[in-house]
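Only one structure is covered here, and it is reproduced in the block below.
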Amino acid sequence: MTHTTKTHTPKSPSVEKAKKAPAVEARSTGTTLGPEFSSAAGPWLYTEEGEAWFDGTSGSGAATLGHGHPAVTEAVEKQLKRLTHTGCKLGSDARTRMVRAIGELSPYAEPAVLPTTTGAEAVETALKIARAATGHRAVVNFRYGYHGKTAGALALTWRAEFKAYSDLAGSAVVTAELPDPRRPAADDASVFAAGLRAALDAADALGGTAAVVLEPVQITEGVLPVSPAVLDEISRQAHSRGALLVLDEIYTGLGRSGRLFAAESMTRVPDLTLLGKTLGNGFPVAAVVGERAVLDALPPGVQTSTFSGHPVSCAAAAAVLDTVVEDDVPGRARALGERLHADLSALAARHAWISSVRTAGALAAFDCVRDGRPDPGLARAVTGAALRGRLLLFGGGPEGATVKIVPPALLDEDAYRYLADGLAGAARAAESGGGT
C-alpha cells in the first residue's frame, strides 16, 4: 500500500515581499546630514553622481588623516588577503604590531595596551581598571563631558536626554564643573579647585574615588579646551584621594589637537589614556593605555569582546601610527588650527554675532550670540547655509548655538580655501537670513 504525504507549498517570496514596505533605518541612528555618499578621498565625500562635498566633520572626528588615506588603505588590503578575524582569545601579528606601536608612542615607561572596538568600550574598560587598581567605586566626571552612549560611559556623559532610556541606578558618579573657556573669570582657579574638592568629598562618601575622568578638549559640546594648569590641578587632587586620572583622548589623541598626547602639556602623566577615532582613521578600534602595573590590576578575562584586537582594524591602526609620525600630524594640525583661528577671527570682526572663536589643532568652533544671548537659530542658519554650499558641519554646544569645524588635519591649499570660503559664505547667508 502506498502512502502519500501532503506537502505544504510555501508562498512565493515575491508575494511576501510585495506586502512589505521598504525597510528604513531607525530614527535614533537614521538622521543623517547631506545626501548618501558612495566614495571618498581626503576631505572629500562623493555622491554616486560624482558631486563633491567637503567633510568638515571628519566622519565624527575619526578621519584625521582624511578619507581613504593611501597608507591605511594599503595596509588594510594586505591584511584582508591574509587574516580578517581571530576572536579576542587568539592573537595575530597585526594586533601585536598595533600594541607595540601604541606603546612606543605613549608617555608610559612600561606601557600596556588593552584593545577595544569602540571608544565607549574603552571608557567602560578604564572604569573597571580604576576600580580594580584602587579598590574604590565612585567616579568624578565633568559638566559638558561626553564619553559615549553605552551604560557605563553614559553615566559620565553630560546630556540628560541621552540617559532617559538607560538604567544607571547605583552608578556612583559625581559631576564637577570646569572653568568655561568662553567666559573666563578672575576667580575661576580658586572656585574650580574648591568645587573639585567638594565633588571628590561626595565621591569618597560613595565608596571612595576610583577615577577622575575628563577630555582635555570637550569637543562634542563645542570645542572647550581645558588649560594645562587645570589638568594639573585635577591630577593633583585625584591622586591625593588615591584615585586614577583617566584622560579621554579618544577624540583629541594622536595629533588631532596639535599634540601627540595632552600629557605633553602636563606635569604628571595621566594614569590611563584612552585612544580611538584617529587610531583607526575610519576603522573601528580603540584602546586603553597606561603603565602595565595599573592595567594588569584587572584580572584575566574580565574585559574581552569578540572583535577587540580585530586584525584588519589593527593593521589600519598600525599604518595610522606610522603616518602620524612620518607626516607630523600634530604639527600639521597645529598649523591648521592657527590658520583657522586667524580666519575665523577675521570673520568675527565682520560679523559681530560670531563670538568666542576657539581652536585646538584641527578642531575649531565659534558661538552665535545676538543681543548678548546664545542664538541656536543663527547657528542652524550657518550650518544650513554651509550644507547648501556642500560643506558638512555639525552644530551643538551647551546652548545649541555653537558651530563646530573638524576637518581632516592633512589639507592641501585648494581644500583649505574651499573650507574657508564656505565658512565665510555661510556666515554671510546666515546674516542675510538665507541660511535656514
Side-chain angles (χ1 to χ4, degrees), residues 22-27 29-82 84-85 94 117-119 251 254-256 276-286 307 310-324 326-327 329 332-333 336 362-363 383-395 404-423 425-426:
V24 296
E25 190 172 340
R27 66 177 183 171
T29 59
T31 303
T32 56
L33 181 67
E36 290 185 350
F37 298 108
S38 60
S39 62
W44 303 103
L45 293 166
Y46 298 95
T47 65
E48 195 170 357
E49 295 74 30
E51 273 190 350
W53 293 64
F54 188 98
D55 186 4
T57 76
S58 290
S60 296
T64 298
L65 307 184
H67 295 282
H69 189 279
V72 179
T73 300
E74 181 183 1
V76 166
E77 287 175 342
K78 287 181 178 178
Q79 189 63 42
L80 278 170
K81 294 173 183 176
R82 296 174 64 243
T84 59
H85 180 67
T117 309
T118 67
Y251 217 129
L254 302 176
R256 162 64 75 177
K277 293 191 184 286
T278 296
L279 181 61
N281 202 61
F283 287 85
V285 60
F307 294 103
H310 189 265
V312 177
S313 290
C314 287
V320 167
L321 294 165
D322 287 343
T323 303
V324 164
E326 292 167 4
D327 289 3
V329 170
R332 294 278 296 274
L336 174 59
L363 298 161
T383 57
L387 186 66
R388 290 207 316 280
R390 298 210 293 267
L391 168 59
L392 300 162
L393 298 175
F394 287 151
K404 296 183 288 188
I405 305 105
V406 184
L410 308 180
L411 294 183
D412 62 23
E413 182 61 25
D414 286 345
Y416 181 81
R417 283 268 46 98
Y418 189 97
L419 171 61
D421 292 347
L423 288 167

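A quick note: this is a predicted structure, and the numbers were derived from the prediction, not measured.
- Counting heavy atoms from C-beta on, the side chains of Phe37 and Glu48 never come closer than 4.5 Å.
- Partners of Thr117 under the side chain to side chain contact (heavy atoms under 4.5 Å, CB included) rule, at least two apart in sequence or in another chain, are Glu121, Pro284, Ser305, Phe307, Ser308.
- Residues Cys314 and Ala94 share a closest heavy-atom pair of CB-O, 3.6 Å.
- Contact of the Val72 side chain with the Leu65 side chain is registered, since non-hydrogen atoms from C-beta on lie closer than 4.5 Å.
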Ile405 vs Thr57, side-chain contact (heavy atoms from CB on, under 4.5 Å): CA-CA, chis, key distance, verdict: CA-CA 7 Å; Ile405 305 105; Thr57 76; over 6 Å; no

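- Of all the heavy atoms in Leu45 and Ala40, the pair that sits closest is CD2-CB, 3.6 Å.
- Distance CG/Leu411 to CG/Leu336: 5.5 Å, rounded to 0.5 Å.
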Taking only distance into account, with no hydrogens and no angle test, what donor-acceptor pairs under 3.5 Å do side-chain atoms of residues 316-323 form with protein atoms, sequence neighbours excluded?
from   : atom 1 : to     : atom 2 : distance (Å)
Thr323 : OG1    : Ala319 : O      : 2.9

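- Scored by the side-chain hydrogen bond (donor to acceptor under 3.5 Å, both in side chains) test, His67 finds Asp55 as partners (sequence neighbours excluded).
- Here the CZ-OG distance, from Phe394 to Ser58, works out to 10.0 Å after rounding to the nearest 0.5 Å.
- Shortest non-hydrogen contact noted between Gly119 and Ala286 is N-CB, 3.8 Å.
- Annotation: side-chain hydrogen bond (donor to acceptor under 3.5 Å, both in side chains) contacts of Thr47 (sequence neighbours excluded): Glu49.
- Heavy atoms only, all atoms of each residue included: Gly255 and Ala333 are closest at O-CB, 3.2 Å.
- For Arg332, the salt bridge (charged side-chain N to carboxylate O under 4.0 Å, His left out) test picks out no residue, with sequence neighbours left out.
- Residues Pro35 and Trp53 are in side-chain contact: their nearest non-hydrogen atoms beyond the backbone lie under 4.5 Å apart.
- Of all heavy-atom pairs between Val329 and Ala409, the closest is CG1-CB, 4.3 Å.
- For His310 (side chain) and Thr84 (main-chain N/O), a donor-acceptor pair under 3.5 Å exists by modelled atom type.
- Under the rule for a salt bridge (charged side-chain N to carboxylate O under 4.0 Å, His left out), Glu77 has no partner lying at least two apart in sequence or in another chain.
- Under the side-chain hydrogen bond (donor to acceptor under 3.5 Å, both in side chains) criterion, Glu326 pairs with no residue at all, not counting sequence neighbours.
- Annotation: side chain to side chain contact (heavy atoms under 4.5 Å, CB included) contacts of Glu413 (sequence neighbours excluded): Arg339, Arg417.
- The distance from atom OG of Ser313 to atom NE2 of His85, rounded to the nearest 0.5 Å, is 11.5 Å.
- Applying the side chain to side chain contact (heavy atoms under 4.5 Å, CB included) test to Ala52 and every residue at least two apart in sequence or in another chain returns Trp44, Tyr46.
- With Lys277 contributing its side chain and Ala63 its backbone, the two residues share no donor-acceptor pair below 3.5 Å.
- For the side-chain hydrogen bond (donor to acceptor under 3.5 Å, both in side chains) condition, no pair includes a residue of residues 32-41, sequence neighbours left out.
- For the pair Pro407 and Phe54, the minimum side-chain heavy-atom distance is below 4.5 Å.
- Between Leu33 atom CG and Thr383 atom OG1 the span is 8.0 Å, to the nearest 0.5 Å.
- Looking at every heavy atom in both residues, Leu393 comes nearest to Lys404 through CD2-O, 3.7 Å.
- Side-chain contact between Val406 and Leu363 is present, with heavy atoms from C-beta onward closer than 4.5 Å.
- With 3.5 Å as the limit, one finds a donor-acceptor pair spanning the side chains of Arg256 and Thr64.
- For Asp414, the side chain to side chain contact (heavy atoms under 4.5 Å, CB included) criterion is met by Asp412, not counting sequence neighbours.
- Residue pairs meeting the salt bridge (charged side-chain N to carboxylate O under 4.0 Å, His left out) criterion with at least one partner in residues 66-76, sequence neighbours excluded, are Glu74-Lys78.
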